[in-house]
Structures are given as structure tokens and as C-alpha cells.
Amino acid sequence: MANLVNEINTLQAVRNVSQTVLENLEHQHDWTNVQLMEEPGTPRMLIRGLPPKRLYLHPDDQITALAHEEATGEKLHQHPEYEWVLPVHLSESWSLAQFAAVFDSLPEDKTQANRILLATVHSDSTIVYYIMHEGMVKPRQN
């Protein structure tokens, strides 16, 4: 019985953290089409949404954009892409295996290459966002 109560409390805590992140994305960061995704067989609830501008530019795309700007004098417009967000609380301990399970649970038709936005919620409701990649990624050009 105690295990069931702990599991319910944990699930409710995860829902609360996820809802906090979802509302932050919508109201503070102007994301649209934001949805809480709770798919069977996934290790954790994820959020899917569209930020107002592109969050990440792959280094190869960055080189192309810089070359275009140098040649034409105009910045290459980068359309925003839908992003996957993993809401977690700062007090949680995550292993590499747990992160790998989240990456493995993403649909095959995802547009971005093996990345998620990690949303870390602090007890005072401050949220810090990190771009997290699966595997090795070439460093960005400065």
C-alpha cells in the first residue's frame, strides 16, 4: 500500500512540474501549440511545442547561414521547429540510462536530430532550460 501511495505522489509531482513548465513556455516564452504528451510506454511525460524562434542551429547549418550572410549581406531566416521538452525538478536524480530511455521514446518522425530541451524546475518555480543532445555533437562556430 505504501508503494502505491508513493507512486501516486510521484506521478502527481511529475504532473505539477510538467504543468509549471508548460505554462512557463506558453506565457513567458510565447510558445504556441504546446501540449503535454503522456504516451503509453514512455518513461516520462514530455511537452511538445513551437517556440517563437529557432532554439538551436546545427553547426553545419550555421556555416551555411554565415556564408549566405557574407555573400548577400542578409541574414538567412531560420524558421522555428517543434521542440520536445523534458520537465524535471532540481531535486530529481537522473541517470544516463533514464535520459537514453527518454530519447528512445521519441517518435521516429521528429524533425530535430536527437535533441530535447531539458527544463529544470527549482523549488521557487525558477526554470532553467538546457539543450540536451543524444550522442556527440560538433561544437558551434563563434
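Shown here are the salt bridge (Lys or Arg N to Asp or Glu O under 4.0 Å) partners of E23, two or more places apart in sequence or in another chain: there are none. Scored by the side-chain hydrogen bond (donor to acceptor under 3.5 Å, both in side chains) test, N16 finds Q12 as partners (sequence neighbours excluded). With sequence neighbours excluded, the residues forming a salt bridge (Lys or Arg N to Asp or Glu O under 4.0 Å) with E92 are R44, listed by chain and number. For the side-chain hydrogen bond (donor to acceptor under 3.5 Å, both in side chains) test, residues two or more places apart in sequence or in another chain that qualify with D124 are H122, T126. By the ring-ring contact (aromatic ring centres under 6.0 Å, His included) test, H89 pairs with no residue at all, sequence neighbours left out.
In this structure, CG in L22 is found 12.0 Å from CG in L46, a value given to the nearest 0.5 Å. In this structure, CG in L50 is found 6.0 Å from CG in N33, a value given to the nearest 0.5 Å. With rounding to the nearest 0.5 angstrom, the CH2 atom of W31 is 11.0 Å from the CD atom of E26.
A salt bridge links E81 and R54; the closest N-O separation between the charged side-chain nitrogens and carboxylate oxygens is under 4.0 Å.
Annotation: side chain of H29 is not in contact with side chain of P51 (no heavy-atom distance under 4.5 Å). With a 4.5 Å cut-off on side-chain heavy atoms, V85 and I116 do not count as touching.
Across N24, V17, V88, L90, a single residue satisfies side chain to side chain contact (heavy atoms under 4.5 Å, CB included) together with V121, and that is V17. No option in L25, L118, L55 other than L25 meets the side chain to side chain contact (heavy atoms under 4.5 Å, CB included) test with Y129.
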Q. Yes or no on side-chain contact (heavy atoms from CB on, under 4.5 Å) for V102 and W84, after CA distance, side-chain angles and deciding distance?
A. CA-CA 10 Å; V102 170; W84 287 102; over 6 Å; no
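Under the 4.5 Å side-chain heavy-atom criterion for Ile, Leu, Val, Met, Phe, Trp and Tyr, Y130 and L96 are members of distinct hydrophobic clusters. One hydrophobic cluster, built from ILVMFWY side chains closer than 4.5 Å, holds both F99 and V128.
Listed here is the closest heavy atom pair of P87 and S18: CG-OG, 3.6 Å. Nearest heavy atom pair, residue P80 against residue P52, reads CG-O, 3.9 Å. Scanning both residues, M45 and L86, for their nearest heavy atoms gives O-CD1, 4.3 Å. Of all heavy-atom pairs between M132 and F103, the closest is O-CZ, 3.6 Å.
Within the structure, salt bridge (charged side-chain N to carboxylate O under 4.0 Å, His left out) pairs that include any residue of residues 12-21 comprise R15-E38 (at least two apart or interchain).
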